[in-house]
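This report concerns only the one structure given below.
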There are 2 protein chains.
Amino acid sequence: MFINGKFTMSEVNIKYLAEKLGLSPSTVSRALNDSYEISQPTKDRVNQLAKALNYQPNPFARSLREQKSKTIAVIIPERINNFFSQVIDGIEEITQQYGYHLLVYSTHENVETEKRIISYLLNGRVDAIVMSVSSQTKYIDHLQTVFNKGVPIIFFDRICQEIPTTKFITNDYENGYKATFHLIEKGCKKIYFLLLSKEISIGRERLRGYLDAMKASSLSFDESWVIQCAQKEEENIRLISGFLYGMDRPDGIVASVEKLAIATYYAARETKLQMPKDFRMISFSNMRIAGLLQPSLTTISQPALKIGMECAELLMKKLTKPNQPALEDRIIVLPSQIILRESTGK
Amino acid sequence: MFINGKFTMSEVNIKYLAEKLGLSPSTVSRALNDSYEISQPTKDRVNQLAKALNYQPNPFARSLREQKSKTIAVIIPERINNFFSQVIDGIEEITQQYGYHLLVYSTHENVETEKRIISYLLNGRVDAIVMSVSSQTKYIDHLQTVFNKGVPIIFFDRICQEIPTTKFITNDYENGYKATFHLIEKGCKKIYFLLLSKEISIGRERLRGYLDAMKASSLSFDESWVIQCAQKEEENIRLISGFLYGMDRPDGIVASVEKLAIATYYAARETKLQMPKDFRMISFSNMRIAGLLQPSLTTISQPALKIGMECAELLMKKLTKPNQPALEDRIIVLPSQIILRESTGK
DNA sequence: TTGTACGCGTTATCAT
DNA sequence: ATGATAACGCGTACAA
C-alpha cells in the first residue's frame with residue numbers, strides 16, 4: 001500500500017483478517033497455527049482468506065514475541081573460494097527446508113571485522129552462528145562471548161578449539177601426512193610447506209602431518225622449509241618466486257590452502273620452472289577445475305557440501321526440537337579425498 | 001542469561017537500564033538516540049551504563065516499530081561462481097558501512113526456488129532486493145509482485161527488462177560482437193555460440209552481438225550454430241563433444257558463460273582436440289585463474305566488485321535518505337574488459 | 001469453540 | 001527535561 005509515494009507496511013495482518021471475517025485476532029492467529037481449539041470450518045474460512053489475500057506473518061512481530069529469529073549467521077573468511085561457497089550451499093539446502101534464513105558475512109581474513117560482525121549478532125538477531133575463523137584470529141574473547149551468551153555456535157574447517165562446542169573438520173593431520181608422503185614416494189628430497197597462518201587450526205594440523213611425515217622419512221629437514229605466507233597474492237608470488245629462483249630450491253611443495261597453490265603456479269611461470277619436472281606440488285583445494293590447470297593439480301579435496309549439510313542438520317535438530325541440550329563439545333571428522341594429477345607426476 | 005539450561009533473551013534492554021538509572025524508558029531511549037530534549041549529564045549517565053552493560057538494541061522490536069529491517073536480500077542463481085561472489089563482496093563492502101545486513105539466497109537456476117524465496121521476502125523481512133534472475137525465469141509475475149508491493153528491487157547482470165527499476169549490466173551486446181569479431185580476425189570460419197538460455201538477458205544480448213558480427217562478416221552462418229546448453233555439466237560435455245567429434249566441427253567458439261567454457265575444456269580433452277590449433281575459444285568469465293588453464297583462456301571479464309558496489313550505493317542512498325523517489329527505470333552499463341590469452345591463439 | 005487482555009522492546013506523541 | 005501511554009503484529013494465558 002502506498003501513502004504519498006512511500007511504501008507503508010500496512011499489509012494484510014491478523015487484525016485485518018479478523019475484521020474481514022468477523023472474528024477476533026486471537027481466533028485467526030490460532031486458526032492459522034492450526035490450534036486444536038479451533039473448529040474445522042473456522043480454520044477453513046481463515047486459511048482461505050489468508051491465502052486469497054496472500055497473508056504473510058510479520059517476521060519481526062513473531063521474532064519479538066517468540067524470542068527467536070529463524071535466522072542463522074554464516075561467517076566465512078572469504079567469499080571467492082569454492083570451499084566456502086559449497087559449504088554455504090550445503091547449509092542452505094538444509095536450513096531452507098526448515099524455513100530458516102541465512103545472513104552471510106565475510107571477514108576478509110580480518111579479526112577486527114570478525115569482532116565487529118559478531119558484536120552485531122549478540123542481540124538475538126540470529127538463533128545460531130556457523131563459522132570458520134579468520135587466519136588472524138588469535139585471541140578469542142569475542143568467540144567466548146558468543147558462547148557465554150548462550151548463542152549456539154558451530155565451527156567448521158578453521159575451528160576454535162577452546163570453545164566447548166561441536167566442530168566439523170576434515171582429517172587434516174592425516175592428509176598433511178599423506179600429502180607429504182606422496183611427494184616423498186615420488187622421490188622429492190626437499191619438501192617445503194606453505195602456510196597461511198600458524199594461528200588457524202587447519203594450518204597447525206596440516207603442518208603437524210607434514211612434520212611427522214618428514215620425521216618418519218630419512219630425509220633431512222630444516223625449519224626454514226615451513227614458509228609463512230602473506231594475505232596478498234602478489235606478495236606471495238614474490239616470496240615463492242624468491243626461493244624457487246635459488247639454487248637450493250625445493251623439489252616438492254605442500255600448499256596448505258588453495259590460494260598458495262595458485263600463487264605457486266604464478267611463481268613457476270615467473271621463474272620458468274615446470275611441474276612436475278622441476279618440482280612437484282600437492283595442495284589442499286576444492287577447485288572444480290584443478291584438472292584443467294597447466295599442469296593439472298594434485299589436490300586434497302574436502303567434502304564441502306557435506307560439511308555444510310551436517311552443520312545445518314545438527315543445528316536444525318537443536319533449534320527445532322524442544323529441550324535440546326547444548327551442543328556437545330566434540331570434533332566431527334569427515335574424510336577428504338586425494339586426487340592425483342600431473343603436478344606431482346603421473 | 002540462563003534459566004534451567006535454556007538461553008533466554010532477558011538481556012539488558014531499555015527498561016532494565018531505566019530501572020537501574022531511576023529514569024523512565026522513554027528518557028533512556030531518547031538519550032541513546034541523542035535527542036536534543038535530553039540534558040547532557042543524563043545522556044552521559046545513560047550512555048555510560050549502556051556501554052558498561054554492553055546494551056544492544058533489540059533489532060526486532062526496532063524493526064517492528066520502524067517498519068524497516070536494515071536488511072537487504074541478495075538473490076543469485078548460483079554460489080559457486082566467482083562473478084556472483086565478487087558482486088556480493090562489493091555489495092557487502094558498502095552496506096556494511098551503513099549497518100545493513102545481507103540475507104543471501106541461491107536459486108540454483110531454478111524458477112520455482114526463485115519464486116519461493118521471493119514469497120518469503122514480501123512481508124517486510126528485507127528493505128530491498130538485489131538480484132540476478134535464474135536462467136529459467138521466463139514468466140515474471142513474482143518479480144512484478146515485488147515491484148507492485150513497493151519493495152525496492154535492483155537487477156544486475158541477468159536483468160528483467162520488464163520491471164521499471166534500475167538495472168546494472170555490462171556492455172554485453174558490444175562484447176558479444178567484439179568476442180566474435182576477435183575470432184573472425186584470428187581466421188575462424190565456423191563460429192559456434194554456446195548459450196545457457198535464451199530466456200536470460202545476458203544470453204540474448206551476447207547472442208545479438210554474435211549474430212551481428214557474423215552478419216557483418218562475409219562468413220556463412222547457420223542457425224544451428226547457436227547451441228542451447230543444459231544445466232548439468234556432464235550433459236553439456238556430451239553435447240559439446242558431440243559436435244567436436246564431427247567432421248564439420250567449428251573452428252571457433254564463443255562461450256556466453258563461464259561454465260560452458262569449462263565444459264568445452266573437458267570436451268576438448270575427451271575429443272583430443274587442442275586449442276588454439278583445432279579450434280579457438282573466447283568466454284565471458286570472471287575466473288581469477290583463467291591464465292593458468294591449459295591452454296590459458298581468453299576472457300571477457302566483468303567488473304563484478306564495482307557492479308556490487310554501485311548497486312549497494314544506489315540502494316543505500318534510496319534507503320537512508322528521507323523522501324527518495326522510486327528507483328529510476330534505467331539501465332546502467334559498466335564496461336567489461338577483454339583479456340587475450342592462448343585459447344584464441346597468440 | 002471463541003473472545004479479551006497482555007507483553008515481547010522500541011520509539012513517538014502527548015502531557016507535565 | 002522528563003514521564004506516561006500507545007502502537008508496531010503476533011501469540012498465549014485467562015475468561016466466557
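In what follows, every chain begins at residue 1, and chains take the letters A, B, ... in the order their sequences are listed. Note that the coordinates shown come from a computational prediction; the quantities given were computed from them, not determined experimentally.
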Using atom [atom1] of [X] as one end and atom [atom2] of [N] as the other, report the distance to the nearest whole Å.
X: A:L53; N: D:dG9; atom1: CG; atom2: P; value: 15 Å
X: A:F60; N: D:dA7; atom1: CZ; atom2: C1'; value: 17 Å
X: B:L64; N: D:dA6; atom1: CG; atom2: C1'; value: 13 Å
X: A:Y16; N: D:dC8; atom1: OH; atom2: P; value: 16 Å
X: B:N123; N: D:dG9; atom1: CG; atom2: P; value: 12 Å
X: A:R125; N: C:dC8; atom1: CZ; atom2: P; value: 21 Å
X: B:I14; N: C:dG7; atom1: CD1; atom2: C1'; value: 16 Å
X: B:K68; N: C:dG9; atom1: NZ; atom2: P; value: 22 Å

Nucleotide nearest B:A61 when distance is taken to its side chain, options C:dA12, C:dG9, D:dC10: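 Per side-chain heavy atoms of B:A61, the pick is C:dG9.
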
Listed partners of [X] passing salt bridge (Lys or Arg N to Asp or Glu O under 4.0 Å), at least two apart:
X: B:K115; result: B:E112
X: B:E37; result: B:R30
X: A:K20; result: none

Filter on side chain to side chain donor-acceptor pair (under 3.5 Å), then keep only pairs touching residues 152-162 of chain B, sequence neighbours left out; what's left?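 Every pair satisfying side chain to side chain donor-acceptor pair (under 3.5 Å) with a residue in residues 152-162 of chain B: B:E109-B:R158, B:D157-B:Q302.
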
Give one of base, sugar-phosphate or nothing for A:R65, where a contact means two heavy atoms less than 4.0 Å apart. base

For A:Y55, which contact category applies under a 4.0 Å heavy-atom criterion: base, sugar-phosphate, or nothing? sugar-phosphate

Using distance only, find each side-chain donor-acceptor pair of residues 38-47 of chain A under 3.5 Å and give its atom names and separation, not counting sequence neighbours.
| residue | atom | partner | partner atom | Å |
| --- | --- | --- | --- | --- |
| A:S39 | OG | A:T42 | N | 3.4 |
| A:S39 | OG | A:T42 | OG1 | 2.8 |
| A:Q40 | NE2 | A:D44 | OD1 | 3.0 |
| A:K43 | NZ | A:D34 | OD1 | 2.8 |
| A:K43 | NZ | A:S35 | O | 3.1 |
| A:R45 | NH2 | A:L21 | O | 3.2 |
| A:N47 | ND2 | A:K43 | O | 3.0 |

Looking at DNA chain C, which of residues 20-33 of chain B put a heavy atom within less than 4.0 Å of it? B:S26, B:S29, B:R30, B:N33

The correct set of residues in residues 37-52 of chain A placing a heavy atom under 4.0 Å from DNA chain C is A:E37, A:I38, A:S39, A:T42

For A:S85, all residues meeting side-chain contact (heavy atoms from CB on, under 4.5 Å), sequence neighbours excluded: B:R79, B:I80, B:S85

Going by ring pair (Phe, Tyr, Trp, His ring centres under 6.0 Å), name the residues that satisfy it together with A:Y120, two or more places apart in sequence or in a different chain.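 For A:Y120 the ring pair (Phe, Tyr, Trp, His ring centres under 6.0 Å) partners, ignoring immediate neighbours, are B:H101.
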
Inspect the contact between B:E310 and B:K306 and indicate whether a charged nitrogen and a carboxylate oxygen are less than 4.0 angstrom apart. yes

Before accepting this row, confirm whether a basic side-chain N of the pair A:K68/A:E66 lies closer than 4.0 Å to the acidic partner's carboxylate O.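 Not counted as a salt bridge, because no side-chain N and carboxylate O are separated by less than 4.0 Å.
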
A:Q67 side chain near C:dG9 phosphate (N/O to OP1/OP2, under 4.0 Å):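 For C:dG9, OP1/OP2 do have a side-chain N/O of A:Q67 under 4.0 Å.
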
Respond yes when some side-chain nitrogen or oxygen of B:N58 is under 4.0 Å from OP1 or OP2 of C:dG9, and no when none is.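 No.
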
